[in-house]
Amino acid sequence: MIEIHHLCVRYGDLVALRDVEGTIANGTSLAVVGPNGGGKSTLLKAIAGVVKPCDGHVHTNGARIAYLPQQSSVDRNVPITVAELVSFGLWRETGWFGAIDAKRRARIDEALTTVGLTAFASRRIDALSAGQLQRALFARLLLDEAEIVLLDEPFTAMDAATSAQLAALFANWRAQGRTIIAALHDLGEVRQYFPQTLVVAGRPLAWGATDEVLTPDLIGNAFAFATADHHHAEPHAHDHHGHHDH
Amino acid sequence: MAIMTTSDLWSPFVEFGFMRRGLVAALALSLAAGPLGTLLQMRRLSLVADVMSHAVLPGAAIAFLFAGFSLSWMGFGGLIAGLCIAIAAGFVTRSTPIQEDTSFAALYILAIASGVAILSTAGSNLDLVHVLFGSLLAIDDTALIAIAVVSGVTLLTLATCWRALIVSTVDPDFLRVRGGATAVHMLFLVLLVLNLVAAFQALGTVLSVGLLILPPATARLWARSLSGTVILATVLALVSSYAGLIASYAFDLPSGPSIVLAAGVFYVLSIGTRRYFTSAAATVRAL
(Lines give C-alpha, C1' and ligand atoms only; values in the text may rest on other atoms or scores of the structure.)
Protein backbone atom coordinates (compact mmCIF):
# COMPACT_ATOMS: atom_id res chain seq x y z
CA MET A 1 0.00 0.00 0.00
CA ILE A 2 1.17 3.50 -0.86
CA GLU A 3 0.14 6.22 1.57
CA ILE A 4 0.41 9.79 0.34
CA HIS A 5 -0.05 12.46 2.94
CA HIS A 6 -0.35 16.16 2.14
CA LEU A 7 2.35 15.83 -0.54
CA CYS A 8 3.94 18.96 -1.98
CA VAL A 9 6.93 19.09 -4.37
CA ARG A 10 8.80 22.20 -5.50
CA TYR A 11 11.54 22.83 -8.01
CA GLY A 12 13.23 25.97 -6.69
CA ASP A 13 10.47 28.53 -6.18
CA LEU A 14 7.91 26.76 -8.34
CA VAL A 15 5.39 24.46 -6.72
CA ALA A 16 4.98 21.62 -9.19
CA LEU A 17 2.48 19.62 -7.16
CA ARG A 18 0.58 20.18 -3.92
CA ASP A 19 -2.18 18.79 -1.70
CA VAL A 20 -1.96 15.18 -2.83
CA GLU A 21 -3.68 13.01 -0.27
CA GLY A 22 -4.74 9.40 -0.51
CA THR A 23 -3.85 5.73 -0.41
CA ILE A 24 -3.20 3.35 -3.26
CA ALA A 25 -4.04 -0.25 -2.38
CA ASN A 26 -1.82 -3.13 -3.47
CA GLY A 27 -2.65 -4.44 -6.92
CA THR A 28 -4.20 -1.16 -8.09
CA SER A 29 -3.73 -0.06 -11.71
CA LEU A 30 -3.80 3.71 -11.61
CA ALA A 31 -3.44 6.08 -14.54
CA VAL A 32 -2.25 9.62 -13.86
CA VAL A 33 -3.47 12.10 -16.45
CA GLY A 34 -3.32 15.86 -16.79
CA PRO A 35 -1.75 18.63 -18.84
CA ASN A 36 1.98 19.11 -19.43
CA GLY A 37 3.54 20.60 -16.33
CA GLY A 38 0.58 19.41 -14.28
CA GLY A 39 2.73 17.27 -12.00
CA LYS A 40 2.26 13.75 -13.41
CA SER A 41 5.98 13.02 -13.63
CA THR A 42 6.57 14.79 -10.34
CA LEU A 43 4.10 12.52 -8.56
CA LEU A 44 5.81 9.40 -9.94
CA LYS A 45 9.21 10.77 -8.96
CA ALA A 46 7.98 11.49 -5.46
CA ILE A 47 6.70 7.92 -5.09
CA ALA A 48 9.96 6.59 -6.54
CA GLY A 49 11.86 8.77 -4.08
CA VAL A 50 13.87 10.60 -6.75
CA VAL A 51 12.53 14.00 -5.64
CA LYS A 52 12.12 15.08 -2.05
CA PRO A 53 8.77 16.53 -0.96
CA CYS A 54 8.84 20.07 0.42
CA ASP A 55 5.92 19.11 2.61
CA GLY A 56 4.02 15.94 3.49
CA HIS A 57 5.30 12.48 2.71
CA VAL A 58 4.93 9.31 0.67
CA HIS A 59 5.08 5.98 2.48
CA THR A 60 5.67 2.91 0.33
CA ASN A 61 6.22 0.66 3.37
CA GLY A 62 9.45 -0.76 2.04
CA ALA A 63 7.90 -2.09 -1.17
CA ARG A 64 10.23 -2.86 -4.07
CA ILE A 65 9.80 -0.07 -6.62
CA ALA A 66 10.63 -0.03 -10.32
CA TYR A 67 10.52 3.33 -12.07
CA LEU A 68 10.66 3.89 -15.82
CA PRO A 69 11.19 7.63 -16.35
CA GLN A 70 9.93 9.53 -19.38
CA GLN A 71 13.47 10.05 -20.56
CA SER A 72 15.48 7.23 -19.14
CA SER A 73 18.94 8.11 -17.90
CA VAL A 74 20.41 5.22 -19.95
CA ASP A 75 23.72 6.41 -21.42
CA ARG A 76 23.83 4.75 -24.83
CA ASN A 77 27.42 5.85 -25.31
CA VAL A 78 28.53 2.89 -23.19
CA PRO A 79 29.09 -0.07 -25.54
CA ILE A 80 27.13 -2.77 -23.72
CA THR A 81 24.68 -5.20 -25.32
CA VAL A 82 20.89 -5.22 -25.06
CA ALA A 83 21.06 -8.42 -22.98
CA GLU A 84 23.46 -6.73 -20.56
CA LEU A 85 21.13 -3.74 -20.20
CA VAL A 86 18.18 -6.07 -19.54
CA SER A 87 20.27 -7.99 -16.98
CA PHE A 88 20.25 -4.86 -14.77
CA GLY A 89 16.69 -5.95 -13.92
CA LEU A 90 18.21 -8.74 -11.80
CA TRP A 91 20.04 -6.16 -9.67
CA ARG A 92 17.93 -6.77 -6.57
CA GLU A 93 18.80 -10.48 -6.78
CA THR A 94 22.45 -10.22 -7.69
CA GLY A 95 23.37 -7.09 -5.75
CA TRP A 96 26.94 -5.86 -6.08
CA PHE A 97 28.63 -9.22 -6.30
CA GLY A 98 26.17 -11.72 -7.79
CA ALA A 99 26.94 -13.25 -11.16
CA ILE A 100 24.69 -13.83 -14.17
CA ASP A 101 24.63 -17.65 -14.31
CA ALA A 102 22.96 -19.85 -16.92
CA LYS A 103 19.60 -19.82 -15.11
CA ARG A 104 19.54 -16.05 -14.97
CA ARG A 105 20.69 -15.83 -18.58
CA ALA A 106 17.68 -17.97 -19.56
CA ARG A 107 15.39 -15.55 -17.74
CA ILE A 108 16.98 -12.63 -19.58
CA ASP A 109 16.36 -14.41 -22.90
CA GLU A 110 12.77 -15.07 -21.87
CA ALA A 111 12.20 -11.39 -21.04
CA LEU A 112 13.71 -10.39 -24.39
CA THR A 113 11.36 -12.82 -26.16
CA THR A 114 8.36 -11.38 -24.32
CA VAL A 115 9.09 -7.88 -25.63
CA GLY A 116 10.06 -9.15 -29.09
CA LEU A 117 13.76 -8.37 -28.94
CA THR A 118 15.23 -11.90 -29.18
CA ALA A 119 17.17 -11.02 -32.32
CA PHE A 120 18.66 -7.96 -30.63
CA ALA A 121 20.16 -9.69 -27.55
CA SER A 122 23.78 -9.21 -28.56
CA ARG A 123 23.25 -5.93 -30.41
CA ARG A 124 24.82 -2.84 -28.86
CA ILE A 125 22.39 -0.45 -27.14
CA ASP A 126 23.46 2.50 -29.29
CA ALA A 127 22.08 0.63 -32.33
CA LEU A 128 18.51 0.57 -30.96
CA SER A 129 15.73 2.89 -32.07
CA ALA A 130 13.84 4.80 -29.37
CA GLY A 131 10.98 2.27 -29.51
CA GLN A 132 13.35 -0.71 -29.30
CA LEU A 133 15.14 0.85 -26.32
CA GLN A 134 11.79 1.24 -24.60
CA ARG A 135 11.05 -2.46 -25.27
CA ALA A 136 14.41 -3.34 -23.72
CA LEU A 137 13.57 -1.24 -20.67
CA PHE A 138 10.27 -3.11 -20.37
CA ALA A 139 12.20 -6.39 -20.52
CA ARG A 140 14.33 -5.05 -17.68
CA LEU A 141 11.14 -4.23 -15.73
CA LEU A 142 9.95 -7.82 -16.26
CA LEU A 143 13.01 -9.16 -14.44
CA ASP A 144 12.81 -6.59 -11.68
CA GLU A 145 9.83 -8.21 -9.92
CA ALA A 146 8.94 -4.94 -8.24
CA GLU A 147 5.79 -4.66 -6.18
CA ILE A 148 5.19 -1.12 -7.40
CA VAL A 149 5.78 -0.33 -11.09
CA LEU A 150 5.93 3.37 -11.99
CA LEU A 151 5.76 4.19 -15.72
CA ASP A 152 6.12 7.74 -17.06
CA GLU A 153 4.65 8.06 -20.57
CA PRO A 154 5.74 4.50 -21.38
CA PHE A 155 4.34 4.44 -24.91
CA THR A 156 5.56 7.78 -26.22
CA ALA A 157 8.06 6.47 -28.76
CA MET A 158 5.95 3.52 -29.84
CA ASP A 159 3.53 2.63 -32.57
CA ALA A 160 0.08 1.32 -31.66
CA ALA A 161 0.96 -2.35 -32.20
CA THR A 162 3.99 -2.16 -29.91
CA SER A 163 2.15 -0.31 -27.16
CA ALA A 164 -0.67 -2.86 -27.31
CA GLN A 165 1.87 -5.68 -27.05
CA LEU A 166 3.56 -4.10 -24.01
CA ALA A 167 0.28 -3.07 -22.40
CA ALA A 168 -0.71 -6.74 -22.50
CA LEU A 169 1.97 -7.24 -19.84
CA PHE A 170 -0.09 -5.11 -17.47
CA ALA A 171 -2.64 -7.92 -17.17
CA ASN A 172 0.11 -10.31 -16.01
CA TRP A 173 1.40 -7.82 -13.49
CA ARG A 174 -2.10 -7.21 -12.18
CA ALA A 175 -2.63 -10.95 -11.82
CA GLN A 176 0.59 -11.11 -9.81
CA GLY A 177 -0.80 -8.44 -7.49
CA ARG A 178 1.58 -5.69 -8.51
CA THR A 179 0.64 -2.04 -8.25
CA ILE A 180 0.97 -0.18 -11.57
CA ILE A 181 0.97 3.60 -11.71
CA ALA A 182 1.40 5.16 -15.16
CA ALA A 183 1.42 8.76 -16.36
CA LEU A 184 -0.36 8.77 -19.72
CA HIS A 185 -1.52 11.21 -22.39
CA ASP A 186 -3.69 8.90 -24.47
CA LEU A 187 -7.07 8.74 -22.76
CA GLY A 188 -8.01 5.75 -24.94
CA GLU A 189 -5.15 3.80 -23.38
CA VAL A 190 -6.24 4.96 -19.95
CA ARG A 191 -9.77 3.67 -20.47
CA GLN A 192 -8.53 0.41 -21.94
CA TYR A 193 -5.91 -0.58 -19.37
CA PHE A 194 -6.51 1.37 -16.15
CA PRO A 195 -9.57 0.93 -13.92
CA GLN A 196 -8.47 3.82 -11.66
CA THR A 197 -7.53 7.34 -12.73
CA LEU A 198 -6.04 10.35 -10.99
CA VAL A 199 -6.26 13.72 -12.73
CA VAL A 200 -3.58 16.21 -11.66
CA ALA A 201 -3.14 19.82 -12.68
CA GLY A 202 -0.78 21.25 -10.08
CA ARG A 203 -2.97 19.52 -7.49
CA PRO A 204 -5.37 16.54 -7.73
CA LEU A 205 -8.62 17.41 -9.46
CA ALA A 206 -10.25 13.99 -9.35
CA TRP A 207 -9.37 10.50 -8.23
CA GLY A 208 -11.51 7.41 -8.67
CA ALA A 209 -12.90 4.88 -11.11
CA THR A 210 -11.78 5.79 -14.63
CA ASP A 211 -15.30 5.91 -16.09
CA GLU A 212 -16.46 8.33 -13.42
CA VAL A 213 -13.36 10.50 -13.50
CA LEU A 214 -12.83 10.96 -17.22
CA THR A 215 -15.86 13.14 -17.86
CA PRO A 216 -15.69 15.77 -20.64
CA ASP A 217 -16.14 18.59 -18.09
CA LEU A 218 -13.31 17.51 -15.91
CA ILE A 219 -10.92 16.93 -18.78
CA GLY A 220 -11.75 20.41 -20.06
CA ASN A 221 -11.01 21.89 -16.64
CA ALA A 222 -7.76 20.02 -16.21
CA PHE A 223 -6.35 20.96 -19.58
CA ALA A 224 -7.43 24.60 -19.26
CA PHE A 225 -4.90 24.69 -16.46
CA ALA A 226 -2.06 24.59 -18.96
CA THR A 227 -2.94 28.09 -20.12
CA ALA A 228 -4.10 29.38 -16.73
CA ASP A 229 -2.41 30.35 -13.46
CA HIS A 230 0.05 27.51 -13.38
CA HIS A 231 1.51 27.67 -16.88
CA HIS A 232 4.87 28.98 -15.68
CA ALA A 233 5.60 25.62 -14.12
CA GLU A 234 5.89 23.93 -17.48
CA PRO A 235 9.26 25.17 -18.77
CA HIS A 236 10.75 24.41 -15.42
CA ALA A 237 9.46 20.87 -15.45
CA HIS A 238 11.12 20.49 -18.83
CA ASP A 239 14.40 21.75 -17.44
CA HIS A 240 14.18 19.09 -14.87
CA HIS A 241 13.71 16.34 -17.44
CA GLY A 242 16.60 17.70 -19.42
CA HIS A 243 18.71 17.22 -16.39
CA HIS A 244 18.47 13.45 -16.77
CA ASP A 245 19.96 13.54 -20.22
CA HIS A 246 23.60 13.46 -19.29
CA MET B 1 72.46 8.47 -29.06
CA ALA B 2 71.88 8.55 -32.77
CA ILE B 3 71.31 4.92 -33.69
CA MET B 4 69.35 2.51 -31.52
CA THR B 5 70.13 -1.19 -31.52
CA THR B 6 67.87 -4.00 -30.33
CA SER B 7 69.81 -4.25 -27.10
CA ASP B 8 68.84 -0.66 -26.35
CA LEU B 9 65.29 -1.97 -25.98
CA TRP B 10 66.18 -3.80 -22.79
CA SER B 11 69.73 -3.02 -21.70
CA PRO B 12 68.82 0.16 -19.76
CA PHE B 13 66.59 -1.96 -17.53
CA VAL B 14 69.33 -4.53 -17.00
CA GLU B 15 72.01 -1.95 -16.30
CA PHE B 16 70.17 0.49 -14.06
CA GLY B 17 68.12 -0.23 -10.96
CA PHE B 18 66.33 3.12 -11.19
CA MET B 19 65.14 2.24 -14.72
CA ARG B 20 63.83 -1.13 -13.49
CA ARG B 21 61.97 0.46 -10.61
CA GLY B 22 60.57 3.13 -12.92
CA LEU B 23 59.38 0.43 -15.33
CA VAL B 24 57.74 -1.66 -12.59
CA ALA B 25 55.98 1.44 -11.24
CA ALA B 26 54.75 2.53 -14.67
CA LEU B 27 53.52 -0.99 -15.58
CA ALA B 28 51.68 -1.31 -12.25
CA LEU B 29 49.98 2.04 -12.85
CA SER B 30 49.09 0.97 -16.39
CA LEU B 31 47.37 -2.25 -15.28
CA ALA B 32 44.90 -0.29 -13.17
CA ALA B 33 44.67 2.63 -15.60
CA GLY B 34 43.14 0.51 -18.40
CA PRO B 35 39.88 -0.51 -16.70
CA LEU B 36 39.65 2.53 -14.39
CA GLY B 37 40.28 4.97 -17.25
CA THR B 38 37.69 3.19 -19.41
CA LEU B 39 35.06 3.64 -16.68
CA LEU B 40 36.20 7.24 -16.23
CA GLN B 41 35.58 7.90 -19.91
CA MET B 42 32.21 6.12 -19.95
CA ARG B 43 31.11 8.09 -16.87
CA ARG B 44 32.16 11.30 -18.70
CA LEU B 45 34.46 12.25 -15.86
CA SER B 46 37.73 12.77 -17.78
CA LEU B 47 37.81 16.49 -17.06
CA VAL B 48 36.78 15.90 -13.45
CA ALA B 49 39.74 13.54 -13.10
CA ASP B 50 42.01 16.23 -14.52
CA VAL B 51 40.75 18.63 -11.85
CA MET B 52 41.16 16.02 -9.12
CA SER B 53 44.75 15.41 -10.17
CA HIS B 54 45.49 19.09 -9.55
CA ALA B 55 43.55 18.96 -6.30
CA VAL B 56 46.33 16.69 -5.04
CA LEU B 57 48.82 19.59 -5.27
CA PRO B 58 48.09 21.63 -2.12
CA GLY B 59 48.07 18.49 0.04
CA ALA B 60 51.36 17.36 -1.42
CA ALA B 61 52.78 20.86 -0.96
CA ILE B 62 51.86 20.98 2.73
CA ALA B 63 53.43 17.55 3.23
CA PHE B 64 56.55 18.86 1.46
CA LEU B 65 56.75 21.77 3.90
CA PHE B 66 56.85 19.40 6.86
CA ALA B 67 58.63 16.32 5.53
CA GLY B 68 60.71 17.59 2.62
CA PHE B 69 60.83 15.77 -0.71
CA SER B 70 59.34 12.48 0.51
CA LEU B 71 57.16 10.87 -2.13
CA SER B 72 55.29 8.84 0.47
CA TRP B 73 54.34 11.79 2.66
CA MET B 74 53.49 13.93 -0.35
CA GLY B 75 51.34 11.10 -1.66
CA PHE B 76 49.54 10.87 1.67
CA GLY B 77 48.97 14.66 1.75
CA GLY B 78 47.72 14.48 -1.83
CA LEU B 79 45.29 11.68 -0.98
CA ILE B 80 43.70 13.72 1.82
CA ALA B 81 43.49 16.86 -0.36
CA GLY B 82 42.05 14.96 -3.34
CA LEU B 83 39.30 13.35 -1.28
CA CYS B 84 38.45 16.70 0.36
CA ILE B 85 38.14 18.39 -3.04
CA ALA B 86 35.97 15.55 -4.42
CA ILE B 87 33.59 15.91 -1.48
CA ALA B 88 33.66 19.73 -1.64
CA ALA B 89 32.88 19.78 -5.38
CA GLY B 90 29.91 17.45 -4.87
CA PHE B 91 28.65 19.64 -2.03
CA VAL B 92 28.92 22.87 -4.05
CA THR B 93 27.09 21.32 -7.02
CA ARG B 94 24.29 19.89 -4.87
CA SER B 95 23.67 22.86 -2.60
CA THR B 96 24.28 25.94 -4.79
CA PRO B 97 23.11 27.02 -8.26
CA ILE B 98 26.71 26.60 -9.51
CA GLN B 99 26.98 23.93 -12.22
CA GLU B 100 29.37 21.03 -11.86
CA ASP B 101 31.84 22.19 -14.54
CA THR B 102 32.19 25.63 -12.92
CA SER B 103 32.53 24.28 -9.39
CA PHE B 104 35.27 21.90 -10.52
CA ALA B 105 37.07 24.59 -12.55
CA ALA B 106 36.97 26.94 -9.55
CA LEU B 107 38.48 24.30 -7.26
CA TYR B 108 41.10 23.42 -9.87
CA ILE B 109 42.36 26.99 -10.09
CA LEU B 110 42.37 27.36 -6.30
CA ALA B 111 44.24 24.07 -5.87
CA ILE B 112 46.97 25.05 -8.35
CA ALA B 113 47.34 28.56 -6.91
CA SER B 114 47.51 27.43 -3.30
CA GLY B 115 49.81 24.51 -4.12
CA VAL B 116 52.30 26.67 -5.98
CA ALA B 117 52.09 29.39 -3.30
CA ILE B 118 52.81 26.90 -0.50
CA LEU B 119 55.69 25.29 -2.38
CA SER B 120 57.28 28.65 -3.21
CA THR B 121 57.48 29.59 0.47
CA ALA B 122 59.82 26.70 1.13
CA GLY B 123 61.26 25.12 -1.97
CA SER B 124 63.29 26.07 -4.99
CA ASN B 125 61.96 25.99 -8.56
CA LEU B 126 63.42 22.52 -8.98
CA ASP B 127 61.03 21.13 -6.36
CA LEU B 128 58.10 22.59 -8.21
CA VAL B 129 59.13 20.85 -11.42
CA HIS B 130 59.33 17.53 -9.55
CA VAL B 131 55.86 17.98 -8.14
CA LEU B 132 54.27 19.13 -11.38
CA PHE B 133 55.87 16.55 -13.67
CA GLY B 134 56.86 13.72 -11.36
CA SER B 135 60.07 11.84 -10.84
CA LEU B 136 59.48 8.29 -11.95
CA LEU B 137 63.19 7.47 -11.92
CA ALA B 138 63.57 8.67 -8.32
CA ILE B 139 60.93 6.36 -6.88
CA ASP B 140 61.96 4.86 -3.54
CA ASP B 141 60.97 1.48 -2.10
CA THR B 142 58.07 2.84 -0.06
CA ALA B 143 56.61 4.66 -3.06
CA LEU B 144 57.03 1.60 -5.28
CA ILE B 145 55.22 -0.60 -2.76
CA ALA B 146 52.48 2.03 -2.43
CA ILE B 147 51.98 2.07 -6.21
CA ALA B 148 51.85 -1.75 -6.34
CA VAL B 149 49.34 -1.90 -3.47
CA VAL B 150 47.11 0.78 -5.05
CA SER B 151 47.19 -1.02 -8.38
CA GLY B 152 46.38 -4.38 -6.79
CA VAL B 153 43.58 -3.00 -4.64
CA THR B 154 42.13 -1.17 -7.67
CA LEU B 155 42.11 -4.31 -9.84
CA LEU B 156 40.58 -6.43 -7.07
CA THR B 157 37.89 -3.85 -6.34
CA LEU B 158 37.06 -3.37 -10.01
CA ALA B 159 36.85 -7.13 -10.51
CA THR B 160 34.43 -7.63 -7.61
CA CYS B 161 32.32 -4.48 -8.11
CA TRP B 162 32.39 -4.34 -11.94
CA ARG B 163 28.66 -5.00 -12.36
CA ALA B 164 27.71 -2.32 -9.84
CA LEU B 165 30.02 0.17 -11.56
CA ILE B 166 28.60 -0.65 -14.99
CA VAL B 167 24.98 -0.36 -13.83
CA SER B 168 25.65 3.03 -12.25
CA THR B 169 27.58 4.16 -15.34
CA VAL B 170 24.90 3.15 -17.86
CA ASP B 171 21.81 4.12 -15.87
CA PRO B 172 22.47 6.17 -12.70
CA ASP B 173 18.76 6.77 -12.01
CA PHE B 174 18.04 3.04 -12.09
CA LEU B 175 20.37 2.54 -9.16
CA ARG B 176 19.17 5.69 -7.41
CA VAL B 177 15.67 4.21 -7.04
CA ARG B 178 17.08 0.95 -5.69
CA GLY B 179 19.69 2.52 -3.43
CA GLY B 180 23.46 2.26 -3.67
CA ALA B 181 24.04 4.88 -6.37
CA THR B 182 25.94 7.19 -4.01
CA ALA B 183 27.97 4.34 -2.57
CA VAL B 184 29.04 3.19 -6.03
CA HIS B 185 29.95 6.73 -7.08
CA MET B 186 31.97 7.32 -3.91
CA LEU B 187 33.76 4.01 -4.39
CA PHE B 188 34.70 5.10 -7.90
CA LEU B 189 35.95 8.51 -6.71
CA VAL B 190 38.07 6.90 -3.98
CA LEU B 191 39.66 4.53 -6.52
CA LEU B 192 40.25 7.50 -8.82
CA VAL B 193 41.95 9.60 -6.14
CA LEU B 194 44.07 6.63 -5.00
CA ASN B 195 45.31 6.09 -8.55
CA LEU B 196 45.92 9.78 -9.14
CA VAL B 197 48.00 9.97 -5.99
CA ALA B 198 49.94 6.85 -6.95
CA ALA B 199 50.52 8.25 -10.43
CA PHE B 200 51.35 11.68 -9.02
CA GLN B 201 54.53 10.26 -7.53
CA ALA B 202 55.59 8.95 -10.91
CA LEU B 203 54.14 11.40 -13.41
CA GLY B 204 53.46 14.55 -11.35
CA THR B 205 50.18 16.38 -10.81
CA VAL B 206 49.98 17.71 -14.35
CA LEU B 207 50.47 14.35 -16.06
CA SER B 208 49.05 11.84 -13.54
CA VAL B 209 45.79 11.59 -15.48
CA GLY B 210 47.71 10.86 -18.70
CA LEU B 211 47.50 7.06 -18.52
CA LEU B 212 43.89 7.23 -17.32
CA ILE B 213 42.72 9.32 -20.26
CA LEU B 214 44.81 8.70 -23.39
CA PRO B 215 44.88 4.86 -23.66
CA PRO B 216 41.11 4.40 -23.01
CA ALA B 217 40.30 7.22 -25.45
CA THR B 218 42.48 5.52 -28.08
CA ALA B 219 40.92 2.13 -27.34
CA ARG B 220 37.43 3.56 -27.73
CA LEU B 221 38.32 4.50 -31.30
CA TRP B 222 38.95 0.86 -32.20
CA ALA B 223 37.13 -1.47 -29.81
CA ARG B 224 33.45 -2.28 -30.33
CA SER B 225 32.68 -3.79 -26.92
CA LEU B 226 33.26 -2.67 -23.37
CA SER B 227 35.59 -5.56 -22.57
CA GLY B 228 37.47 -4.90 -25.82
CA THR B 229 37.95 -1.27 -24.78
CA VAL B 230 39.27 -2.28 -21.36
CA ILE B 231 41.73 -4.83 -22.74
CA LEU B 232 43.02 -2.58 -25.52
CA ALA B 233 43.33 0.38 -23.13
CA THR B 234 45.39 -1.72 -20.71
CA VAL B 235 47.67 -3.00 -23.48
CA LEU B 236 48.16 0.53 -24.83
CA ALA B 237 48.98 1.86 -21.35
CA LEU B 238 51.53 -0.93 -20.79
CA VAL B 239 53.17 -0.39 -24.20
CA SER B 240 53.20 3.39 -23.72
CA SER B 241 54.90 3.02 -20.33
CA TYR B 242 57.63 0.81 -21.74
CA ALA B 243 58.11 2.80 -24.96
CA GLY B 244 58.09 6.08 -23.05
CA LEU B 245 60.81 4.92 -20.66
CA ILE B 246 62.98 3.64 -23.50
CA ALA B 247 62.55 6.93 -25.36
CA SER B 248 63.30 8.91 -22.22
CA TYR B 249 66.57 6.99 -21.79
CA ALA B 250 67.56 7.14 -25.46
CA PHE B 251 66.76 10.78 -26.04
CA ASP B 252 67.42 12.07 -22.53
CA LEU B 253 63.82 13.20 -22.00
CA PRO B 254 62.06 13.47 -18.63
CA SER B 255 60.33 10.12 -18.00
CA GLY B 256 56.80 11.29 -17.14
CA PRO B 257 56.21 13.46 -20.20
CA SER B 258 57.89 10.80 -22.34
CA ILE B 259 55.36 8.11 -21.24
CA VAL B 260 52.39 10.44 -21.75
CA LEU B 261 53.75 11.43 -25.18
CA ALA B 262 54.06 7.76 -26.15
CA ALA B 263 50.39 7.28 -25.24
CA GLY B 264 49.65 10.47 -27.18
CA VAL B 265 51.34 9.09 -30.31
CA PHE B 266 48.90 6.14 -30.34
CA TYR B 267 45.99 8.53 -29.82
CA VAL B 268 46.95 10.93 -32.61
CA LEU B 269 47.80 8.09 -35.02
CA SER B 270 44.45 6.44 -34.27
CA ILE B 271 42.51 9.63 -34.89
CA GLY B 272 44.41 10.08 -38.15
CA THR B 273 44.08 6.53 -39.50
CA ARG B 274 40.73 5.41 -38.10
CA ARG B 275 38.73 6.90 -40.95
CA TYR B 276 40.84 4.98 -43.47
CA PHE B 277 40.49 1.68 -41.60
CA THR B 278 36.76 1.98 -40.95
CA SER B 279 36.01 2.86 -44.58
CA ALA B 280 38.20 -0.07 -45.68
CA ALA B 281 36.29 -2.37 -43.30
CA ALA B 282 32.98 -1.08 -44.69
CA THR B 283 34.19 -1.78 -48.24
CA VAL B 284 35.16 -5.35 -47.27
CA ARG B 285 31.74 -5.91 -45.68
CA ALA B 286 30.02 -4.48 -48.74
CA LEU B 287 31.83 -6.88 -51.09
Side-chain angles (χ1 to χ4, degrees), chain A residues 12 44-45 47-51 60 62-82 84-100 104 122-127 133 136-137 140-141 144 146 148-150 152 241 243-246, chain B residues 35 38-48 93-97 99-101 156-188 216-217 219-233:
Chain A
L44 295 189
K45 281 178 190 161
I47 298 172
V50 230
V51 294
T60 51
R64 294 189 301 268
I65 299 176
Y67 165 54
L68 186 58
Q70 193 171 5
Q71 274 176 313
S72 79
S73 61
V74 170
D75 185 347
R76 296 166 76 180
N77 179 49
V78 185
I80 61 166
T81 65
V82 175
E84 281 169 318
L85 177 65
V86 172
S87 79
F88 292 3
L90 296 168
W91 174 256
R92 268 187 251 265
E93 266 180 62
T94 60
W96 284 48
F97 310 115
I100 303 292
R104 290 189 174 131
S122 51
R123 194 95 49 105
R124 272 186 357 193
I125 54 172
D126 62 356
L133 178 65
L137 295 177
R140 191 175 75 177
L141 273 179
D144 205 346
I148 301 171
V149 183
L150 305 169
D152 197 349
H241 292 314
H243 197 70
H244 287 279
D245 275 354
H246 44 77
Chain B
T38 302
L39 280 178
L40 184 70
Q41 179 186 198
M42 301 295 174
R43 294 174 84 90
R44 300 168 193 245
L45 290 176
S46 297
L47 276 176
V48 169
T93 310
R94 272 195 309 276
S95 57
T96 70
Q99 294 289 313
E100 195 164 42
D101 61 333
L156 267 176
T157 312
L158 289 179
T160 46
C161 303
W162 187 251
R163 239 179 90 73
L165 285 160
I166 292 302
V167 173
S168 86
T169 302
V170 175
D171 197 349
D173 279 356
F174 177 81
L175 213 51
R176 207 160 291 148
V177 176
R178 285 154 190 80
T182 314
V184 178
H185 191 61
M186 284 312 293
L187 173 76
F188 182 78
R220 187 76 180 88
L221 292 169
W222 299 107
R224 295 179 55 80
S225 69
L226 190 61
S227 47
T229 312
V230 170
I231 292 165
L232 185 55

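Throughout, a chain's letter reflects where its sequence line sits, starting with A, and its residues are numbered from 1. Note that the structure is predicted; figures quoted are calculated from it, not measured.
Neither the backbone nor the side chain of B/Leu165 comes within contact range of chain A, judged by heavy atoms closer than 4.5 Å. Residue contact with chain B, scored on non-hydrogen atoms closer than 4.5 Å, involves the backbone and the side chain of A/Ile65 alike. Looking at A/Arg140, the atoms closer than 4.5 Å to chain B (heavy atoms on both sides) all sit in the side chain, from C-beta outward. Only the side chain of A/Ile100 comes within contact range of chain B, judged by heavy atoms closer than 4.5 Å. Heavy atoms closer than 4.5 Å to chain B are found in the side chain of A/Leu85, but not in its backbone. Only the side chain of B/Arg220 comes within less than 4.5 Å of a heavy atom of chain A; its backbone N, CA, C and O stay farther away. Contacts of A/Ala66 with chain B are made by both backbone and side-chain atoms, with heavy-atom separations under 4.5 Å. At a 4.5 Å heavy-atom cutoff, A/Arg64 makes no contact with chain B through either its backbone or its side chain. Within the 4.5 angstrom heavy-atom criterion, no atom of B/Leu39 approaches chain A.
Contact check for A/Phe88 versus B/Leu175: no side-chain heavy atoms found under the 4.5 Å cut-off.
Here the closest non-hydrogen pair linking A/Asp75 and B/Thr169 is CB-O, 4.1 Å. Between A/Ala48 and B/Val177, the closest heavy-atom pair is O-CG1, 4.1 Å. When every heavy atom of B/Arg178 is checked against every heavy atom of A/Trp91, the shortest pair comes out as CD-CD1, 4.0 Å.
Put simply, CE on B/Met42 and CD1 on A/Ile80 are 10.0 Å apart, with the number rounded to the nearest 0.5 Å. For the atom pair A/Gln71 CD and B/Asp173 CG, the distance stands at 11.0 Å (nearest 0.5 Å). With rounding to the nearest 0.5 angstrom, the CZ atom of A/Phe97 is 12.5 Å from the CZ atom of B/Arg163.
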For this session: Show your working on side-chain contact (heavy atoms from CB on, under 4.5 Å) between A/Trp96 and B/Thr160 and close with a plain yes or no.
Result: CA-CA 8 Å; A/Trp96 284 48; B/Thr160 46; over 6 Å; no
Problem set entry | B/Phe174 and A/Asp144: CA distance, side-chain angles, deciding distance, side-chain contact (heavy atoms from CB on, under 4.5 Å) verdict | CA-CA 11 Å; B/Phe174 177 81; A/Asp144 205 346; 4.3 Å; yes
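Checked against side-chain hydrogen bond (donor to acceptor under 3.5 Å, both in side chains), B/Trp222 has the following partners two or more places apart in sequence or in another chain: B/Ser270. In this view, A/Thr81 and A/Ala83, A/Glu84 satisfy the side chain to side chain contact (heavy atoms under 4.5 Å, CB included) rule, not counting sequence neighbours.
Side-chain N or O atoms of A/Arg124 include one that pairs as donor or acceptor with a backbone N or O of B/Arg224 at under 3.5 Å.
Here A/Ser87 is the residue among A/Gly95, A/Ser87, A/Gly98 with the most heavy-atom pairs under 4.5 Å with chain B.
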